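Being a predicted model, the structure only gives us computed values, none of them experimental. Position 1 is the first residue of the sequence, and the numbers go up from there. Just so you know, these numbers use all the heavy atoms, side chains as well, and skip hydrogens, waters and symmetry mates.
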Amino acid sequence: MPSPHRNQSNQSNQNKWSQKYPLPSEEVSSYYFSVPQSMLDQLMQIRTWIYELAEADDRIGMIQECLKWGEPSFLTPITKSGSTIRLAKVDDSMFGIYFNCKTPIAQEIAIQFPELNCDGKRVLYFPTNQKIPKTKLIVCLKKALLYHKRKFQIEKEI
């Protein structure tokens, strides 16, 4: 039987994290609140950064958050500027930020930030017991959120 304290803690966290950027559905909310607390805090921080990047850059536009492959995913449906970003639990002590494997986004990240744990194909791994390198991760998120704008710019320059 679940502990009533865990439910109270989840409710408190849900209120804390969803005040500025409300969770879009019960399904998305359920995913977040099924992961360990340390991972939840980190996923919610990354989620906040994604929304803040969109607010700060008109080229990104509105963010649509939904489940893809059963995991929280972020799309740019109006501007179509970005490639999907997906957040997923790998195990209880690690999560990944997944990028479309048909794009060079993960490869770019692996080259630019070799100190990050990126497979160069589709995923950037983070252990939950380490602080997320915000400045570097913001660059990575922007690469994905502006992928189609950058791709067009590169093609235009060639």
Side-chain angles (χ1 to χ4, degrees), residues 13-14 16-36 38-90 94-128 130-158:
N13 286 327
Q14 188 168 1
K16 173 176 103 175
W17 287 115
S18 63
Q19 286 180 2
K20 186 166 184 185
Y21 305 108
L23 294 167
S25 69
E26 185 59 39
E27 293 81 14
V28 171
S29 182
S30 292
Y31 179 89
Y32 284 122
F33 295 103
S34 71
V35 302
S38 60
M39 188 178 299
L40 172 64
D41 291 339
Q42 290 177 312
L43 293 177
M44 287 296 167
Q45 184 60 68
I46 293 166
R47 179 182 183 271
T48 298
W49 293 337
I50 290 170
Y51 280 100
E52 287 174 349
L53 285 168
E55 283 182 352
D57 191 330
D58 291 338
R59 296 174 300 166
I60 297 169
M62 181 194 88
I63 295 291
Q64 177 186 2
E65 185 177 6
C66 59
L67 292 185
K68 283 192 168 205
W69 299 281
E71 298 156 339
S73 301
F74 301 86
L75 301 89
T76 56
I78 294 175
T79 64
K80 299 190 184 323
S81 67
S83 180
T84 301
I85 297 171
R86 186 166 45 96
L87 305 178
K89 174 183 169 181
V90 174
M94 184 170 290
F95 66 91
I97 301 175
Y98 290 78
F99 305 99
N100 185 324
C101 62
K102 295 180 181 174
T103 70
I105 297 168
Q107 182 181 17
E108 292 172 359
I109 292 167
I111 292 168
Q112 186 171 357
F113 301 113
E115 67 280 11
L116 296 180
N117 185 4
C118 184
D119 71 358
K121 295 181 178 116
R122 64 181 290 187
V123 64
L124 181 55
Y125 296 102
F126 290 98
T128 58
Q130 293 179 9
K131 187 176 182 214
I132 299 171
K134 180 180 180 180
T135 304
K136 292 174 185 174
L137 185 55
I138 293 294
V139 172
C140 299
L141 294 172
K142 282 184 88 169
K143 283 180 182 297
L145 292 169
L146 290 169
Y147 173 71
H148 293 291
K149 299 283 186 190
R150 294 184 311 113
K151 180 180 167 191
F152 176 75
Q153 188 63 37
I154 291 166
E155 289 172 354
K156 192 175 165 184
E157 291 172 2
I158 293 177

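Atom-to-atom distance recorded for L145:CG and S83:OG is 9.5 Å, nearest 0.5 angstrom. Rounding to the nearest 0.5 Å places CD1 of I50 at 4.0 Å from CZ of F74. For the atom pair CE of M94 and CE of M39, the computed distance is 9.0 Å after rounding to the nearest 0.5 Å.
Taking 4.5 Å as the limit, every side-chain heavy atom of Y147 sits out of range of all side-chain heavy atoms of N100. I97 is listed as a side-chain neighbour of L137, based on a closest heavy-atom distance under 4.5 Å. For the pair Y21 and E55, the minimum side-chain heavy-atom distance is below 4.5 Å. Two residues are said to be in side-chain contact when any heavy atoms from C-beta on lie closer than 4.5 Å; L43 and P72 fail this criterion.
Here the shortest heavy-atom pairing between T84 and S73 reads CG2-CB, 4.0 Å. For the residue pair L116 and C140, the shortest heavy atom distance occurs at CD1-SG, 4.2 Å. In terms of heavy atoms, P22 sits closest to K20 at CD-O, 3.4 Å. Across all non-hydrogen atoms, the minimal contact from A110 to G120 is CB-CA, 3.9 Å.
With sequence neighbours excluded, the residues that form a side chain to side chain contact (heavy atoms under 4.5 Å, CB included) with S25 are E27, V28. Every residue two or more places apart in sequence or in another chain that forms a side chain to side chain contact (heavy atoms under 4.5 Å, CB included) with N117 is listed here: Y125. In terms of the side chain to side chain contact (heavy atoms under 4.5 Å, CB included) criterion, residue partners of T79 (sequence neighbours excluded) are, by chain and number, T76, S81. Partners of F95 by ring-ring contact (aromatic ring centres under 6.0 Å, His included), not counting sequence neighbours, listed by chain and number: F126. Looking at residues two or more places apart in sequence or on another chain, you find no side-chain hydrogen bond (donor to acceptor under 3.5 Å, both in side chains) involving E52. In this structure, the side chain to side chain contact (heavy atoms under 4.5 Å, CB included) partners of I138, at least two apart in sequence or on a different chain, are W49, L53, K134, K142.
A side chain to side chain contact (heavy atoms under 4.5 Å, CB included) with L124 holds for exactly one of I105, I109, L141, I85; it is I109.
Sequence neighbours left out, the pairs with a member in residues 111-126 that pass salt bridge (Lys or Arg N to Asp or Glu O under 4.0 Å) are E115-K136.
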For residues 56-71, which side-chain N or O atoms pair as donor and acceptor with protein atoms under 3.5 Å away, sequence neighbours left out?
unit_1, atom_1, unit_2, atom_2, d
D57, OD1, R59, N, 2.9
D57, OD1, R59, NE, 3.0
D57, OD2, R59, NE, 3.3
D57, OD2, R59, NH2, 2.7
E65, OE1, R47, NE, 2.9
E65, OE1, R47, NH2, 2.9
E65, OE1, Y51, OH, 2.8
E65, OE2, Y32, OH, 2.7
E65, OE2, R47, NE, 3.0
E71, OE1, R86, NH1, 2.1

